2 protein chains.
Amino acid sequence: MAIEAARLSPSLAAAAFLARRPPPALFPFSLRRRLPLLRVLAGSSGGDGRVVALSSSELRKRRGLSSSSGAADPASGGDEKLRSLRRLFSRPDVGIDAYIVPSQDAHQSEFIAECFMRRAYLTGFTGSAGTAVVTKDKAALWTDGRYFLQAEKELTHEWTLMRSGNHGVPTTSEWLNDVLPSGCRVGIDPFLFSFDAAEELKDSISNKNHELVLVRGMNLVDEIWGDARPKPPKEPTRVHDIKYAGIDVPSKLSFIRSHLAENECDAVVISMLDEVAWLLNMRGSDVPHSPVFYSYLIVEVSTATLFVDSNKVSEDVLEHLEKAGVKLKPYEAIVSEVERLAEKCAKLWLDSSSVNAAIVTAFKSSCDKQMKKKGKAGKKVEKEASSDEPTSVENGTVNAVYNVSPVTLAKSVKNEAEIEGMKNSHLRDAAALAEFWCWLEEEVCKSVPLTEVQVAEKLLEFRKKQDGFIETSFDTISGYGANGAIIHYRPTPEDCSSVGSDNLFLLDSGAQYIDGTTDITRTVHFGEPSPRQKECFTRVLQGHIALDQAVFPERTPGFVLDVLARTSLWKIGLDYRHGTGHGVGAALNVHEGPQSISYRYGNLTALQKGMIVSNEPGYYEDNSFGIRIENLLLIKELNLANSFGGISYLGFERLTFVPIQSKLIDVSLLSPSEINWVNDYHEEVWDKVSPLLSGATRDWLWKNTRPLLDVTH
Amino acid sequence: MAIEAARLSPSLAAAAFLARRPPPALFPFSLRRRLPLLRVLAGSSGGDGRVVALSSSELRKRRGLSSSSGAADPASGGDEKLRSLRRLFSRPDVGIDAYIVPSQDAHQSEFIAECFMRRAYLTGFTGSAGTAVVTKDKAALWTDGRYFLQAEKELTHEWTLMRSGNHGVPTTSEWLNDVLPSGCRVGIDPFLFSFDAAEELKDSISNKNHELVLVRGMNLVDEIWGDARPKPPKEPTRVHDIKYAGIDVPSKLSFIRSHLAENECDAVVISMLDEVAWLLNMRGSDVPHSPVFYSYLIVEVSTATLFVDSNKVSEDVLEHLEKAGVKLKPYEAIVSEVERLAEKCAKLWLDSSSVNAAIVTAFKSSCDKQMKKKGKAGKKVEKEASSDEPTSVENGTVNAVYNVSPVTLAKSVKNEAEIEGMKNSHLRDAAALAEFWCWLEEEVCKSVPLTEVQVAEKLLEFRKKQDGFIETSFDTISGYGANGAIIHYRPTPEDCSSVGSDNLFLLDSGAQYIDGTTDITRTVHFGEPSPRQKECFTRVLQGHIALDQAVFPERTPGFVLDVLARTSLWKIGLDYRHGTGHGVGAALNVHEGPQSISYRYGNLTALQKGMIVSNEPGYYEDNSFGIRIENLLLIKELNLANSFGGISYLGFERLTFVPIQSKLIDVSLLSPSEINWVNDYHEEVWDKVSPLLSGATRDWLWKNTRPLLDVTH
């Protein structure tokens with residue numbers, strides 16, 4: 001297992017952390033799969049072009065939806081959907097024996113628009129992660145441990161629930177190889193699989209002589225969804241101001257073009273939505289939590305083309321694009337444009353781990369046609385032999401370089417403006433959180449208890465008051481007591497606990513601001529924590545401090561540091577089943593690659609100066625309580641007394657400034673230097689955040705940033 | 001680079017740590033390549049069957065050799081050797097354009113017998129590591145940074161020195177591809193390359209259409225060496241007493257046979273000398289430092305055959321073998337026996353990373369012949385798909401499983417008797433070291449300074465007095481001042497420093513006892529260490545303590561823990577360019593796989609209960625001083641308050657009990673728990689070792705195990 005993980009490309013490994021498409025056998029546990037339940041758009045335009053935010057429950061109210069009465073209510077026609085889908089199997093232009101419906105959109109996005117929630121529509125199961133497979137007489141849904149109970153409730157009896165990760169549960173392809181007679185045709189929508197994923201699927205079902213059929217021109221679920229299918233999002237895009245972006249679009253395009261030249265390529269297809277947004281200094285609100293818009297981008301040596309619904313592009317955005325020499329084409333024109341490039345014999349850079357199979361295979365078959373037409377063998381596929389950037393290799397006569405997108409690393413290394421925006425937005429976020437915690441501490445003492453959802457909504461209110469606030473950067477994890485032990489817990493108004501003073505309360509939340517993205521977790525107790533809770537909290541804190549204080553030579557991959565965050569827990573036989581750190585975008589996706597800090601050793605990407613990572617060790621006691629302490633860290637170069645090997649040594653600078661509850665710390669377990677860390681951190685919190693506060697909140701901050709009493713002296 | 005490393009098989013990765021055959025591009029630095037210089041046997045029989053030991057310099061005297069006047073004295077005929085070798089190239093039964101002469105014997109041994117030191121004989125270069133390549137008009141020798149100066153001195157002008165690891169220096173095959181016209185024949189002695197290494201070589205020279213020619217039936221260097229070539233070692237073997245071995249041979253053979261059955265194999269070829277010795281509870285003294293004897297072993301379902309010179313097998317050893325059902329055949333009969341197995345259509349288990357190309361290719365071609373004779377396709381090669389044990393895969397019709405030897409892991413996990421032997425021998429070794437350090441401390445104050453070699457010889461004297469002492473387990477690294485910064489330093493009587501009181505003295509040494517193997521490094525200062533030296537020493541000590549105290553879940557590979565030993569150094573921009581821990585045999589090789597603790601992440605072998613590893617962080621300041629602190633550790637299962645995930649948590653138990661010089665510790669840098677560690681360790685040293693001592697040495701031990709003054713309180 002570990003060896004396979006080590007062979008994954010960095011971007012794939014990062015994706016696994018972010019769980020865009022978790023391969024369960026390789027990565028049984030993933031820190032966060034905060035994909036939304038069946039849900040409408042989280043951000044919507046106020047009509048005046050201003051971006052406004054709605055809380056989850058508001059949104060749900062507006063659409064008249066709840067998680068238990070979605071568009072695919074099991075009581076109202078789940079069977080009919082299956083019947084309709086199967087009827088399509090035998091249509092002459094389809095001709096398949098099975099159809100796979102994944103949760104993805106065409107861009108491997110973490111958060112997707114409602115119109116792309118085909119798996120939820122078809123199955124009735126509204127959890128964020130899952131894959132449906134339908135044969136002529138069987139229907140099965142794969143999901144992981146977070147969703148077993150929910151899926152049991154939501155699926156009709158015609159569906160078999162496949163509990164991924166449980167012993168003996170087959171993968172989708174193992175199951176297909178088992179239930180289908182040899183030589184069947186298995187259909188997919190090629191837009192919904194990365195090329196690599198499609199190839200892997202093709203390989204694994206070929207064991208039973210099944211053929212993978214790319215059903216082009218229509219998505220079968222959309223066919224049966226019909227007019228009821230939500231319209232694709234039409235939210236306007238906006239220019240991301242240069243004062244936050246730091247580098248203008250022409251410079252970024254030049255950078256990409258220099259990479260094209262180095263790799264002797266004529267063009268590159270960018271399909272990850274955050275990569276398009278970053279490269280063009282544009283933002284949108286087509287999906288919840290991420291300020292992106294549905295689009296593709298092709299950068300050629302002298303031109304660049306954005307494939308987007310032109311209705312989303314206002315005059316000023318158009319002007320911004322024109323200045324940078326970027327033309328517009330319709331979103332749907334991407335495939336024909338790639339075919340046109342093949343006809344021109346252009347050599348294409350394709351990140352086959354993110355670009356979907358529809359685009360890559362269209363390019364390949366156009367190349368093949370072109371070669372035949374020219375009656376010659378053509379150039380062979382180039383294989384990049386860089387050890388840092390393993391390539392997915394394909395045979396044939398395709399004129400392409402398969403390599404990780406040139407935007408991925410560039411985007412992860414923040415420039416000075418981006419860093420400044422991240423710092424500023426984190427201070428405002430800290431002010432909102434101070435107000436919130438001050439309020440909640442007061443509130444919990446009152447007689448009417450608040451629910452986890454009410455608490456999360458109040459937090460949103462405090463954040464909304466901050467300048468430049470746009471929306472939450474993911475669904476708030478607000479977990480009291482035993483709920484805190486559910487790593488991906490997401491309370492719903494219908495089914496959530498009150499927040500009291502008898503147990504720990506874990507709150508993991510974040511926000512999108514105009515200038516930055518935040519992600520913070522604090523765990524608190526409003527009454528008397530047990531010695532056990534204090535011991536566990538203190539061990540988690542020690543891991544947090546050890547990672548925060550790490551110094552490491554350049555070229556160190558994140559996984560090397562992961563052990564530092566676990567050592568204190570391991571000493572007493574405890575651990576946590578998620579990674580320790582993920583990359584974070586600057587006013588972009590809250591989860592981004594290529595770097596990560598994880599016990600899985602598959603991601604060999606070196607941590608680099610300018611990258612941002614989260615530091616979030618935890619401990620979860622099933623049915624009892626959960627603990628996580630999360631700050632975001634900026635990687636910086638250190639100026640040390642020595643530099644052995646003549647190389648740089650790197651360390652972290654904290655971006656997050658919110659008190660850590662002293663009450664939960666068993667000071668007798670801390671070393672003097674750990675005590676100093678807590679005291680120094682709290683002093684820094686006071687210095688940086690108190691100027692933004694007044695009154696009771698300022699008093700609260702003062703009280704909560706006092707030095708620990710050093711009981712060891 | 002790192003990705004390639006991750007794809008190495010565990011045994012290959014371990015080999016790289018041990019530097020049996022360091023691939024320079026992958027592993028530029030290797031902790032120890034303590035291979036002997038051109039040297040006679042380190043152990044020899046006293047005639048009465050008793051094993052006696054000779055020091056390096058004694059041995060050198062006996063043979064009239066010194067490192068600068070070896071058998072291949074550059075002044076007396078180096079050119080003639082090359083001429084003779086090239087004359088052989090055109091012999092009809094040879095017919096080659098180039099010949100590669102590696103440093104290996106036929107068993108991938110770390111220490112080899114003199115008769116196999118062909119590269120040293122041919123080139124005149126007596127360093128332990130190097131590869132010679134001779135074409136019709138060129139001769140080049142590859143060696144690494146440790147040996148550049150020595151090679152410059154020892155090579156004649158006809159040889160080109162290839163400085164491995166230096167920028168722009170090609171590998172042997174790159175060089176061959178460069179200097180030979182396309183389509184040449186490159187010869188090797190197939191006994192001296194593992195099958196995997198030969199295949200890799202074949203692949204890399206095929207780029208230039210060169211053919212790899214396995215020159216069978218003769219080694220070309222032996223041909224020109226003629227009668228002057230030393231005879232193969234004839235040292236008698238002995239039975240390794242069951243009270244030290246713990247498990248009798250029939251039980252071990254049963255274990256291997258159960259693995260054969262599981263893998264549906266009929267036989268396995270064991271070619272690593274320590275694996276044969278372990279499996280048959282036998283020891284020998286054919287090579288220096290390792291108690292092994294030249295042999296192969298084939299275990300079949302109902303028989304087992306030892307291929308060994310029968311003169312080495314005394315009556316009692318013969319009886320021991322007969323009891324276990326082990327037959328004898330001549331050492332040279334291995335190839336014909338493997339061919340016989342192929343004729344019988346037996347399915348063979350071959351560890352192609354250790355079994356040489358002569359054996360594997362003989363089996364393959366016999367299988368092919370057999371298939372043709374039978375006129376059918378035959379069974380295909382089986383590929384083992386275990387992720388823990390990656391296999392080297394070969395196409396064709398060979399009836400073989402290529403998998404890591406079933407002995408490798410079994411040998412590394414020590415049984416209770418082996419653990420007891422290791423503990424006992426370590427206490428006696430500690431007593432010898434206490435006597436030594438007490439003596440040296442006294443001696444350094446005297447007016448006549450001792451050299452590094454004299455000091456090492458005196459240490460040998462102290463060890464010789466201990467019960468069950470056999471020989472050193474590697475060449476003692478005795479490095480004063482700047483010499484201590486040369487990681488693989490080995491002083492020679494002709495060219496070494498005196499040990500004084502103005503600088504640090506690093507001493508890395510070990511011994512073979514009848515019941516165990518030791519390996520220990522201490523660094524001391526007999527005068528006033530500088531603040532810089534104290535800071536560096538203390539940082540190394542902190543790394544040593546952090547690893548010693550590590551607790552980790554089962555299935556953790558060693559590389560995960562490596563960072564713990566470096567964190568304290570990294571904090572001030574320091575590091576060391578070698579791994580932190582290697583496996584150690586029980587009364588066997590001082591370096592063994594499959595486990596290791598290294599910053600290279602190629603070795604995915606989990607650390608397991610019963611394994612032994614070294615803990616040896618260091619710091620080396622070029623031209624100034626070297627620091628290393630090394631203990632051996634036994635991996636044990638811990639009984640903790642929790643066991644998250646329902647799995648075992650492991651930790652270390654120290655085997656080495658020799659004081660760490662308090663004078664070198666800057667106590668102000670230590671945490672209270674680090675201070676406790678030092679004090680507890682010294683208390684344990686006193687408790688365990690003082691009963692073995694008396695007089696001045698006992699006083700010395702008392703003085704050197706007093707608690708640190710805690711200056712932080």
Side-chain angles (χ1 to χ4, degrees), chain A residues 1-7 9-10 386-390 535-536 546 549-553 555-557 559-564 566-577 599 601-602 604 606 619-621 638-645 647-651 671-674 712-713, chain B residues 1-7 9-10 386-390 535-536 546 549-553 555-557 559-564 566-577 599 601-602 604 606 619-621 638-645 647-651 671-674 712-713:
Chain A
M1 184 176 112
I3 285 178
E4 281 309 307
R7 285 175 181 174
S9 73
S386 153
S387 59
D388 286 339
E389 301 181 348
E535 181 181 22
C536 294
Q549 294 290 88
V551 175
F552 51 94
R555 298 198 190 168
T556 301
F559 71 78
V560 170
L561 305 183
D562 180 79
V563 65
L564 301 177
R566 292 179 204 273
T567 302
S568 52
L569 285 162
W570 284 354
K571 290 240 158 113
I572 58 166
L574 300 182
D575 201 353
Y576 53 97
R577 286 177 170 142
Y599 61 97
Y601 356 106
L604 297 174
Y619 171 68
Y620 310 90
E621 197 142 293
L638 302 177
N639 193 8
L640 302 175
N642 313 281
S643 67
F644 183 80
I647 58 172
S648 296
Y649 285 73
L650 306 174
S671 71
S673 75
E674 288 166 335
T712 68
H713 286 249
Chain B
M1 183 178 116
I3 284 178
E4 281 309 306
R7 285 176 179 170
S9 71
S386 153
S387 60
D388 286 339
E389 302 181 347
E535 181 182 21
C536 295
Q549 294 291 86
V551 175
F552 50 94
R555 299 200 191 167
T556 300
F559 70 78
V560 170
L561 305 183
D562 180 79
V563 65
L564 302 177
R566 291 179 204 274
T567 302
S568 52
L569 285 162
W570 284 354
K571 290 240 159 115
I572 57 167
L574 300 182
D575 201 354
Y576 53 97
R577 286 175 170 143
Y599 61 98
Y601 358 104
L604 296 174
Y619 171 67
Y620 311 91
E621 197 143 294
L638 303 177
N639 194 7
L640 302 175
N642 312 281
S643 67
F644 183 80
I647 57 172
S648 296
Y649 284 74
L650 306 174
S671 72
S673 74
E674 288 167 335
T712 67
H713 287 249

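As the structure is a computational prediction, the values presented were derived from the model and not from experiment. First the proteins, then the strands, lettered A, B, ... as listed; each starts at 1.
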Peer 1: Give a yes or no answer on whether the side chain of B/Asp575 reaches the backbone of A/Phe644 with a donor-acceptor pair at less than 3.5 Å.
Peer 2: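 No: the side chain of B/Asp575 does not pair with the backbone of A/Phe644.
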Peer 1: Chain A: which of B/Gly651, B/Ala550, B/Pro557 shares the most heavy-atom pairs with it under 4.5 Å?
Peer 2: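 Greatest number of close heavy-atom pairs with chain A: B/Pro557.
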Peer 1: With a 4.5 Å cut-off on side-chain heavy atoms, are B/Ser673 and A/Ser671 touching?
Peer 2: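 Not in contact.
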Peer 1: Quick one: what part of A/Glu621 sits under 4.5 Å from any heavy atom of chain B, side chain, backbone, both or neither?
Peer 2: neither
Peer 1: Restricting to ring-ring contact (aromatic ring centres under 6.0 Å, His included), what partner residues turn up for A/Phe559, sequence neighbours left out?
Peer 2: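 Per chain and number, A/Phe559 pairs via ring-ring contact (aromatic ring centres under 6.0 Å, His included) with B/Tyr601.
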Peer 1: Quick check: does any side chain N or O of A/Asn642 sit under 3.5 Å from a backbone N or O of B/Leu574, one acting as donor and the other as acceptor?
Peer 2: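 Judged by distance alone, no pair lies under 3.5 Å.
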Peer 1: Can you tell which of B/Pro553, B/Ser643, B/Ala641 has the highest number of heavy-atom pairs within less than 4.5 Å of chain A?
Peer 2: B/Pro553
Peer 1: What verdict does the side chain to side chain contact (heavy atoms under 4.5 Å, CB included) test give for B/Thr567 and A/Val551, after you've listed the backbone C-alpha separation in whole Å, the side-chain angles of each residue and the deciding distance to 0.1 Å?
Peer 2: CA-CA 7 Å; B/Thr567 302; A/Val551 175; over 6 Å; no
Peer 1: Counting only non-hydrogen atoms closer than 4.5 Å, does B/Leu638 touch chain A with its backbone (N, CA, C, O), its side chain (CB onward), both, or neither?
Peer 2: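 Neither part.
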Peer 1: Of all the heavy-atom pairs spanning B/Val563 and A/Val560, show the shortest one and how long it is.
Peer 2: CG1-O, 3.4 Å
Peer 1: How close do A/Gln549 and B/Lys571 get, heavy atom to heavy atom, and via which atoms?
Peer 2: O-CE, 3.1 Å
Peer 1: Which atom pair, heavy atoms only, marks the closest approach of A/Ile572 to B/Leu640?
Peer 2: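 Reported closest heavy-atom pair: C-CD1, 3.9 Å.
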Peer 1: Pick one of side chain, backbone, both or neither for A/Leu569, based on which atoms fall under 4.5 Å of a heavy atom in chain B.
Peer 2: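 Neither part.
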Peer 1: Could you check which of A/Tyr619, A/Trp570, A/Tyr576 has the highest count of heavy-atom pairs closer than 4.5 Å to chain B?
Peer 2: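 If we count pairs closer than 4.5 Å to chain B, A/Trp570 comes out on top.
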